[in-house]
Each structure stands twice: as structure tokens, then as C-alpha cells.
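Throughout, a chain's letter reflects where its sequence line sits, starting with A, and its residues are numbered from 1. The structure displayed is predicted, hence computed values, not measured ones. The figures here come from the full heavy-atom set of this structure, side chains too, leaving out hydrogens, waters and symmetry mates.
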Number of protein chains: 2
Amino acid sequence: MDQANAIEAFSALAHPSRLDAFRLLVRAGPKGLPAMEISRQLGAKPSTLSGHLSILKRAGVLTATRHQREIHYAANLANINELVQFLIADCCSGQLDDCKITLCP
Amino acid sequence: MDQANAIEAFSALAHPSRLDAFRLLVRAGPKGLPAMEISRQLGAKPSTLSGHLSILKRAGVLTATRHQREIHYAANLANINELVQFLIADCCSGQLDDCKITLCP
DNA sequence: TCCATATTTCGTTAATACCCGAAATAACGA
DNA sequence: TCGTTATTTCGGGTATTAACGAAATATGGA
């Protein structure tokens with residue numbers, strides 16, 4: 001994870017439809033959901049959503065796997081972990097324990 | 001933390017100078033750094049940086065406290081924690097433990 | 001092969017974000 | 001008070017990004 005990659009990920013998430021899509025896929029779990037299903041649940045036009053999914057995938061926060069006719073998108077939590085680690089790298093220069101953050105308690 | 005707040009935070013971080021500034025302040029710890037010092041360390045024009053710091057502060061990822069003539073900016077890690085919790089809320093709908101993310105190990 | 005479904009690419013238009021220098025505001029010390 | 005340093009606000013020209021419908025591509029079944 002480098003600066004360019006982090007910026008791409010943050011940019012990708014900084015959009016209402018894309019953030020909704022990502023959080024929907026977080027809830028959906030590792031199997032993910034096909035594009036049409038995401039489109040339907042979010043009420044987004046397929047062509048518009050396609051662009052959004054493409055942006056999220058290029059940013060590395062989603063994975064895409066084909067299942068017969070459908071392409072299933074899923075949240076890439078490993079990359080989210082790396083992104084957050086990058087964001088708070090060398091927290092407090094190691095001087096303090098002020099930076100405790102716990103996820104999925 | 002709601003969707004609008006999360007988008008504002010992601011947008012704020014999705015910029016090279018702002019991401020650099022935030023990570024610099026993460027390293028600087030809770031005391032933070034004055035604006036001019038950030039400007040010097042990042043090689044950014046004061047007026048441009050001022051706008052960036054304002055955006056980061058409005059997004060809630062930085063705090064600002066005046067110390068005599070200087071305004072010290074510091075990373076707001078509590079809000080970053082909330083942001084990440086929001087991002088991965090209801091992970092896998094509670095069905096799996098696939099979503100473990102640990103920060104500041 | 002040929003059709004229907006799933007998804008993406010393309011072209012256009014509208015909105016938003018960026019950078020900078022100059023001027024304005026704030027706070028201290030002589 | 002006056003000058004100096006610290007920081008922010010303003011104006012404007014340029015560039016990036018968004019949305020949509022229509023058309024194109026891909027896959028599987030009859």
C-alpha cells in the first residue's frame with residue numbers, strides 16, 4: 001500500500017453510491033453479490049453502477065469473480081486493513097499508546 | 001458517524017497533500033504541529049495548505065487548538081476509529097469471522 | 001446458431017475541486 | 001500603539017469527475 005493506492009481507495013469510497021455499494025458488500029460477506037442485485041438494492045442504473053463498481057475494483061477495495069453469467073462483487077477487507085494501517089503508520093512515532101483502534105470487537 | 005460524515009472524511013483524505021498532512025500529524029502524536037511547521041515539512045504554500053487543513057478539520061479528522069500565536073493541528077484518531085467502524089459495520093451480517101482487522105498491534 | 005440476460009463502454013453535458021497570489025484577520029512584543 | 005509573524009479568506013482561470021441513455025460485448029440456453 002503506497003500513497004497513490006491509498007488515495008485511489010479513499011477517492012473510491014468518497015461517493016454516496018460507491019460507499020453504499022461497498023457497505024452492502026461488507027454485509028453480504030465473502031460470497032458477494034452480482035452487479036444486477038447491487039443495482040436493484042441500491043436503486044442505481046446499471047450503466048452508472050457499472051462505472052462505480054469498476055472504480056471500486058480498480059482501487060482494490062472490491063474483488064470480482066464470474067459465476068456463469070453473473071459477476072459477483074465482494075468487499076476486499078484485507079486491502080481495507082492495509083489501507084488503515086497505512087493511514088495510521090508510525091502512530092505517535094511509537095512514543096504513546098494513544099492510538100489504539102480495534103475493529104470487529 | 002453517518003454516510004455524509006464518512007464521505008466528507010474520505011474525500012478529505014483522498015488528496016496527496018491532505019493525506020501527507022494527516023499522516024505527518026499521526027506521527028506527530030496528540031500534541032500535533034503548528035500550521036507553518038506542516039507547511040514547511042510538506043513544502044506547501046501556506047494559503048493552499050490552510051485550505052487543506054480547513055477541509056481536514058471540517059471533516060473531523062483533525063483538531064485545531066491555539067497555542068499563543070500558533071494553531072496546532074493534531075490527528076483525531078477517535079474519529080478515524082468511528083469511520084472504520086462505520087465502513088465495515090455489520091460485517092458478513094455476523095455470520096462469519098472473516099472480517100478481523102487489528103490496528104496498532 | 002440465435003436469442004435473451006448481464007454487464008460494460010462511449011459521447012455529451014453539468015457540476016465540482018484545484019492552485020495561486022493578494023489582501024484580510026489574529027496575536028504577540030517593543 | 002505599531003510592526004511582525006501566523007494563518008485564513010477571496011477571486012478567477014483550469015482541470016477533473018459525475019450522470020445518463022444508447023450502443024457494444026460476453027455468456028449460457030433453446
Any sub-3.5 Å donor-acceptor pair from R40(B)'s side-chain atoms to G43(B)'s backbone N or O? no

Take the protein atom NE2 of H15(A) and the nucleotide atom C1' of dT16(C), then report the distance between them rounded to whole Å. 12 Å

Between CD of E37(A) and C1' of dT7(C) the distance, given in whole Å, is 15 Å

Does any N or O in the side chain of D90(A) come within less than 3.5 Å of the main-chain N or O of R27(B), such that one atom is a donor and the other an acceptor? no

If I take atom NZ in residue K45(A) and atom P in nucleotide dA6(C), what distance separates them, rounded to the nearest angstrom? 17 Å

Whole angstroms only, please: what is the CD-P distance between E8(B) and dA17(C)? 11 Å

Check whether any side-chain N or O of S39(A) sits under 3.5 Å from a backbone N or O of K45(A) as a donor-acceptor pair, and report yes or no. no

Distance, rounded to the nearest Å, where I55(B) contributes CD1 and dC19(C) contributes C1': 12 Å

Rounded to the nearest Å, what distance is computed from the CZ atom of residue R40(A) to the P atom of nucleotide dT5(C)? 16 Å

Can you give the first and last nucleotides of DNA chain D, 5' to 3', that have an atom under 4.0 Å from a heavy atom of chain B? dT4(D) to dT9(D)

Take atom CD1 of I7(A) and atom P of dA17(C), then tell me their distance rounded to the nearest Å. 16 Å

Between S11(A) (side chain only) and I7(A) (backbone N and O only), is there a donor and an acceptor less than 3.5 Å apart? yes

Residue closer to the 5' end of DNA chain D, S50(B) versus S17(A) (nearest nucleotide): S50(B)

Residue closer to the 5' end of DNA chain D, A14(A) versus Y73(B) (nearest nucleotide): Y73(B)

Euclidean distance, atom CD1 of residue I71(B) to atom P of dA26(C) [Å, nearest integer]: 11 Å

Within the pair H67(B) and dA27(C), is there a side-chain N or O less than 4.0 Å away from OP1 or OP2? no

Heavy-atom nearest nucleotide on DNA chain C taken for Q68(B) and for P34(A); more 5' hit belongs to P34(A)

